[in-house]
Structure formats: structure tokens, C-alpha cells
Amino acid sequence: MRYSDLDRPPLSAAALNRALVRPGSLWTGITVVESTGSTNSDLAKAAQEGAAEGAVLVAEEQLAGRGRLARTWSAPPRSGLTFSILLRPQVPVATQGWLSLLYGVAAASAVRRLAEVDVRLKWPNDLLIGERKLAGVLAERAGDAIVIGMGLNVSLKPEELPVETATSLAIEQAACVDRDPLLRAVLREVETHYREWTAAGGDAEASGLHSAYLAASATIGRLVRVDLPGGQVLIGQATGVDASGHLQVASEGERHTLSAGDVVHVRIAG
């Protein structure tokens with residue numbers, strides 16, 4: 001494979017499959033493509049066509065990456081980890097809102113351990129270092145499957161950041177900026193949490209996911225400003241996350257429960 005930037009070597013699908021795909025593993029196949037519009041869109045189409053749980057699609061470059069609220073973003077080829085996973089959870093639909101939070105907990109844990117940086121979660125599932133965004137996670141339903149994608153900034157330089165409020169592992173002088181072990185670590189951590197959560201029937205409390213999320217959260221316990229659709233603003237204390245993964249905010253004596261679909265933006269008030 002030809003590539004010009006020696007600081008940004010390509011990923012090896014063969015090596016990743018050898019490391020992660022084995023009998024009994026959640027992961028059933030890892031595909032690496034040079035470029036695509038959106039790994040989430042591609043995997044959602046595959047899910048509708050019957051692709052197995054555990055499929056992973058990695059793009060060295062994503063041309064039409066999407067975040068929440070149809071925001072778009074892009075990054076130089078091989079400067080980050082851009083990939084999606086396909087899951088078919090056999091748990092009650094009411095609990096499946098936890099999947100994107102589970103993914104955030106797993107990814108933050110893996111990156112914290114390997115890169116030795118203090119990664120926290122902004123509800124529902126942005127990975128932060130300080131107040132700067134390191135990665136975003138987007139979960140989408142595709143029939144009876146759920147596709148979860150992540151864009152993690154690895155080697156981006158300050159002048160390459162999509163927005164000023166972003167950061168990368170290289171900028172944070174992380175102990176690991178090698179995408180291969182980072183990807184393996186994230187997928188292994190996701191598998192561990194997913195197995196525990198599904199074994200508990202999607203019960204975030206019983207599986208330990210709820211407490212793990214609170215421990216990693218940069219949002220809970222803080223005064224937040226929530227921008228709601230239609231221009232409304234809610235300012236209050238983020239007090240917790242309910243059994244469905246919704247954010248609870250106490251404001252002027254009332255408790256508000258917000259799903260990601262109800263929220264445009266959450267930020268620390270001050």
C-alpha cells in the first residue's frame with residue numbers, strides 16, 4: 001500500500017483480524033477501507049442486508065463524517081481512528097439508549113489506559129480532555145441492529161483541528177499515538193462492557209455500567225447550560241443519568257429528564 005506520511009502509517013486489516021476475530025469473540029470481521037463517505041452509513045446498509053453482529057468497518061479517511069444533529073466533520077487521512085461497529089443486542093428496546101454511553105465508557109477507559117491521559121465523558125458520549133473534545137460517538141438504529149461510530153483524533157496537529165475546541169492525543173502528548181493498539185484496546189473494552197451489559201439484560205445498574213459512567217462523567221454534578229430545540233435554554237445542576245441513559249437536570253425546583261434527541265448542546269455553565 002502506498003502512503004506518503006511516515007508519521008501516519010496505514011492500519012493492517014489482516015493484523016487486526018488475527019488479533020481480534022476468533023471463536024467466541026464478539027468481533028466477526030474487521031474491514032479497513034482507504035476512503036468512504038461515512039462508516040456508519042456503510043455499516044447501516046450492511047446491517048439492513050443481514051450483516052452479522054460484530055462487523056467492524058474502519059476508514060483511513062472519511063469524506064462525509066457525521067456527528068449528532070447532522071454536523072459534519074473531516075480530518076486528514078490516517079490522522080485519527082474513524083470506525084463503526086454493528087451490534088444486534090438481545091435486550092429490551094427501552095434499555096438500548098445505554099449503548100452509546102457504554103461505548104463512551106469503554107473507549108474512554110481504553111484510551112485512558114493506553115495513552116495515559118485523563119479522558120472524561122461529556123453527556124451523552126463525547127470524549128474530553130479538560131474541556132476539549134478528543135472524540136465523538138454516534139449511535140444509529142438500522143432495523144433491528146444498532147451501528148455505533150467513533151471519530152478519535154490521534155495525530156492531528158493544532159492547525160488541522162476541525163474546531164478550536166477540539167484536541168488530539170498528539171497535542172496532549174499522550175503516551176500512545178499508535179492507532180493499531182488503540183483500536184484493539186477500544187474494541188476489547190467495548191466487548192467486555194457489552195457482554196456484561198447484555199448478560200444483565202440491558203440493566204445498566206446491575207451490570208456496573210451506570211456507576212462506571214458516573215465515575216467517568218465530566219457532566220454529572222456540575223452546573224450545565226442545555227440548549228434545547230426551538231432556542232430554549234435550561235440552566236441547572238446535572239444530577240444523574242436515569243435507567244434509560246437520559247440526563248437528569250435539576251433547575252428551579254424541577255427535575256428535567258432529557259434524551260439526546262431533546263438536546264442541542266450541553267456545556268458547563270459559568
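Keep in mind that this is a model prediction, so the values were computed, not measured. Reckoned from all heavy atoms, side chains included, excluding hydrogens, waters and symmetry mates.
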_Within the structure provided, determine whether Asp203 and Thr95 are in side-chain contact (heavy-atom separation under 4.5 Å)._
no
*Is it true that a side-chain atom of Arg88 and a backbone atom of Ala47 form a donor plus acceptor pair closer than 3.5 Å?*
yes
*Report the residues that fulfil ring pair (Phe, Tyr, Trp, His ring centres under 6.0 Å) with Trp98, sequence neighbours left out, ordered by chain and then residue number.*
His210
_Option from Arg132, Arg120, Lys133 for which salt bridge (charged side-chain N to carboxylate O under 4.0 Å, His left out) with Asp126 holds_ = Lys133
*Between Thr36 and Asp42, is any side-chain donor less than 3.5 angstrom from a side-chain acceptor?*
yes
_For Leu43 versus Ala55, what's the shortest heavy-atom pair and its separation?_
CD2-O, 3.8 Å
_Sidechain-backbone polar pair: Arg184 side chain, Ala19 backbone, donor-acceptor under 3.5 Å_ = no
_Member of Arg188, His193, Arg195 meeting the side chain to side chain donor-acceptor pair (under 3.5 Å) criterion with Glu191_ = Arg195
*What heavy-atom pair brings Ile30 and Leu16 nearest, and what distance separates the two atoms?*
CD1-O, 3.7 Å
*Return the minimal non-hydrogen interatomic distance between Leu99 and Ile146, and the atom names on each side.*
CD1-CD1, 3.5 Å
*Shared ILVMFWY cluster between Val21 and Ile85, side chains joined below 4.5 angstrom?*
yes
*Give the C-alpha distance, both sets of side-chain angles, the deciding distance and a yes or no for side-chain contact (heavy atoms from CB on, under 4.5 Å) between Phe83 and Val186.*
CA-CA 11 Å; Phe83 65 102; Val186 170; 3.9 Å; yes
*asked:* Treating Asn40 as the side-chain partner and Leu138 as the backbone partner, does any N or O pair qualify as donor plus acceptor under 3.5 Å?
replied: yes
*Is Asp227 salt-bridged to Arg267, cutoff N-O under 4.0 Å?*
yes
_Polar side-chain atom of Ser217 near backbone of Thr219 as donor-acceptor pair, under 3.5 Å_ = yes
